Amino acid sequence: MSSFPSLPESEQEDAKYQNICNNHKHLLETLPKANGWRNPHLYNYNGFWLNPLVLKTNLLLHTYFKSHPTDIFLASFMKSGTTWLKALMFSTLNRHRYTFSDHYLHKHGPQSTFPLLDAESYPITDFTTFSHPRLFATHSAHTLLPPCISSGKFVYVCRDPKDVLISKWMFMSKLRPKDLPLLSLDEAFELFCLGVSEFGPFWEHVMSYWRASLESPEKILFLKYEEVKKQPEVVVRKLAAFMGKPLTVEEEKKGVVREIVKLCSFESLRNLEVNKKGVEKFGKLLEVEKQDFFRKGEIGDWKNYLSEEMNERIDGIMDDKFRGSGLSLRATV
Ligand code: PAP
């Protein structure tokens with residue numbers, strides 16, 4: 001039975017939306033609260049720290065998002081290689097549509113290829129007009145997503161948490177409003193270790209996808225930034241097969257994999273005019289200088305910032321959190 005049986009459809013919709021807004025307001029008054037890296041506060045919702053707008057978007061996503069079995073999701077904790085994977089997945093999937101000398105990515109950059117589910121304006125956003133397979137990105141933990149989404153396929157990319165911490169601290173410090181006190185690296189480190197950062201705890205985020213990938217390996221491809229860095233061509237082949245478009249012998253002979261890797265390399269993307277100037281808008285959530293998506297793109301930059309004690313503390317937390325899971329994100333270089 002409908003919750004609003006006597007109201008016309010448009011009013012039912014309004015009432016449904018209003019209900020979510022009221023629930024959101026109530027949650028902000030009652031959920032555990034902690035310091036944010038960009039916003040003043042984060043709220044712990046079902047085990048994860050979200051900023052107020054992302055929390056509202058998550059509630060709306062559960063109500064309004066209609067999945068399709070061919071949907072492909074790119075999931076990641078912030079600063080784990082999302083931009084790179086957007087480029088790799090988009091150019092692998094659409095390799096028949098564009099030439100490598102005059103590519104969509106040259107003119108538009110990688111961000112527009114995957115709308116960020118955590119930043120869209122539901123119910124206004126209309127994904128029904130998108131061509132299939134539809135591509136979406138999310139920074140939300142697997143357990144925070146609406147169950148209908150599991151009909152699609154997921155690529156999850158994770159990264160050494162120490163590099164994530166440094167990358168995120170630098171990124172968020174730039175976005176932090178000037179009227180808030182600076183967040184020092186020591187403070188960010190402490191919050192990160194406690195699990196308090198947007199979409200965190202990092203450990204639980206990673207484990208949510210790791211467990212899901214073990215349960216449904218055909219539905220979730222679990223990747224590490226470091227493995228993409230070391231063997232990008234192997235990863236492109238994996239992505240192509242996973243997305244249902246394996247590389248043909250002819251494509252291999254023509255060097256298509258090498259072209260994709262070259263197009264999406266850090267140097268190539270960073271030097272594109274479209275990625276050097278202007279801002280990228282993610283709904284009402286945030287505006288980012290495009291160049292800020294390309295900082296160093298290296299493995300192990302954390303060594304320039306974290307002490308040996310900090311290094312050992314993160315390793316200790318990782319060992320505890322991942323024990324018995326078969327997963328390790330310990331640095332090997
Ligand atoms: P997001 O969470 O804001 O989407 P995301 O793209 O996941 O960010 O991560 C950004 C990191 O990936 C940056 O790392 P750094 O701060 O340690 O340098 C960025 O430089 C890196 N990055 C972006 N594009 C590439 C690429 N093509 N190859 C390798 N690393 C990349």
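In listed order, ligands and their atoms are each counted from 1. Only a predicted model underlies this, so the values are computations on that prediction, with no experimental measurement involved.
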Compute the shortest N/O to N/O distance between [X] and ligand 1 and return yes if it is under 3.5 Å, no if not.
X	answer
F171	no
K229	no
M78	no

* Between D118 and S140, a side-chain donor and acceptor under 3.5 Å ->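 Side-chain D/A pair, D118 to S140: present.
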* Go through the steps to decide whether K174 and E289 satisfy the test salt bridge (Lys or Arg N to Asp or Glu O under 4.0 Å), and finish with yes or no. => CA-CA 10 Å; K174 284 191 178 168; E289 297 279 343; over 6 Å; no
* **Candidate pair K277 and E273, rule salt bridge (Lys or Arg N to Asp or Glu O under 4.0 Å), full reasoning** => CA-CA 7 Å; K277 282 187 242 124; E273 279 310 309; 3.3 Å; yes
Between [options], which one has a non-hydrogen atom sitting closest to [atom]?
atom	options	result
atom 5 (P) of ligand 1	T82, D292, L74, V164	T82
atom 12 (O) of ligand 1	R159, R295, Q111	R159
atom 1 (P) of ligand 1	K296, K79, R270	K79

* E226: partners by salt bridge (charged side-chain N to carboxylate O under 4.0 Å, His left out), with sequence neighbours left out ->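 For E226, no residue satisfies salt bridge (charged side-chain N to carboxylate O under 4.0 Å, His left out) once neighbours in sequence are set aside.
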Is it true that [X] and [Y] make a salt bridge, defined as a side-chain N closer than 4.0 Å to a carboxylate O?
X	Y	value
R330	D160	no
R313	E190	yes
D102	K107	yes
E204	K321	yes

Among all protein heavy atoms, pick the one closest to [atom] and tell me residue, atom and distance.
atom	answer
atom 26 (C) of ligand 1	W84 CG, 3.4 Å
atom 13 (C) of ligand 1	S167 OG, 3.8 Å
atom 19 (C) of ligand 1	F293 O, 3.2 Å
atom 6 (O) of ligand 1	T83 OG1, 2.6 Å
atom 31 (C) of ligand 1	F266 CD1, 3.6 Å

* Asked: K86: heavy atom below 4.0 Å from ligand 1, yes or no?
  ->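 Not so, K86 does not reach ligand 1.
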At less than 4.0 angstrom from any non-hydrogen atom of [X], what atoms of ligand 1 do you find?
X	result
C264	27 (N)
F294	20 (O), 23 (C), 24 (N)
G297	15 (P), 18 (O), 20 (O), 30 (N)
L269	27 (N)

* Asked: Is the H142-Y156 ring centre distance short of 6.0 angstrom?
  ->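 Between H142 and Y156, the centre distance exceeds or equals 6.0 Å.
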* Asked: Which word best sums up how the rings of F136 and F127 line up, parallel for under 30°, tilted for 30 to 60°, or perpendicular for over 60°?
  ->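 Because their plane-to-plane angle is over 60°, the rings of F136 and F127 count as perpendicular.
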Report the part of [X] in contact with ligand 1, treating N, CA, C, O as backbone and CB onward as side chain, heavy atoms under 4.0 Å; options are side chain, backbone, both, neither.
X	answer
Y225	side chain
M170	neither
S265	backbone
S76	neither

* To do: Any pair with a residue in residues 29-48 that passes side-chain hydrogen bond (donor to acceptor under 3.5 Å, both in side chains), sequence neighbours left out, goes on the list, sorted by first then second residue, please.
  =>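 Of all non-adjacent pairs touching residues 29-48, those that pass side-chain hydrogen bond (donor to acceptor under 3.5 Å, both in side chains) are N39-N51.
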* Going through the distances and angles, do F266 and R295 end up as a side-chain contact (heavy atoms from CB on, under 4.5 Å)? -> CA-CA 9 Å; F266 180 80; R295 194 182 62 91; 5.7 Å; no
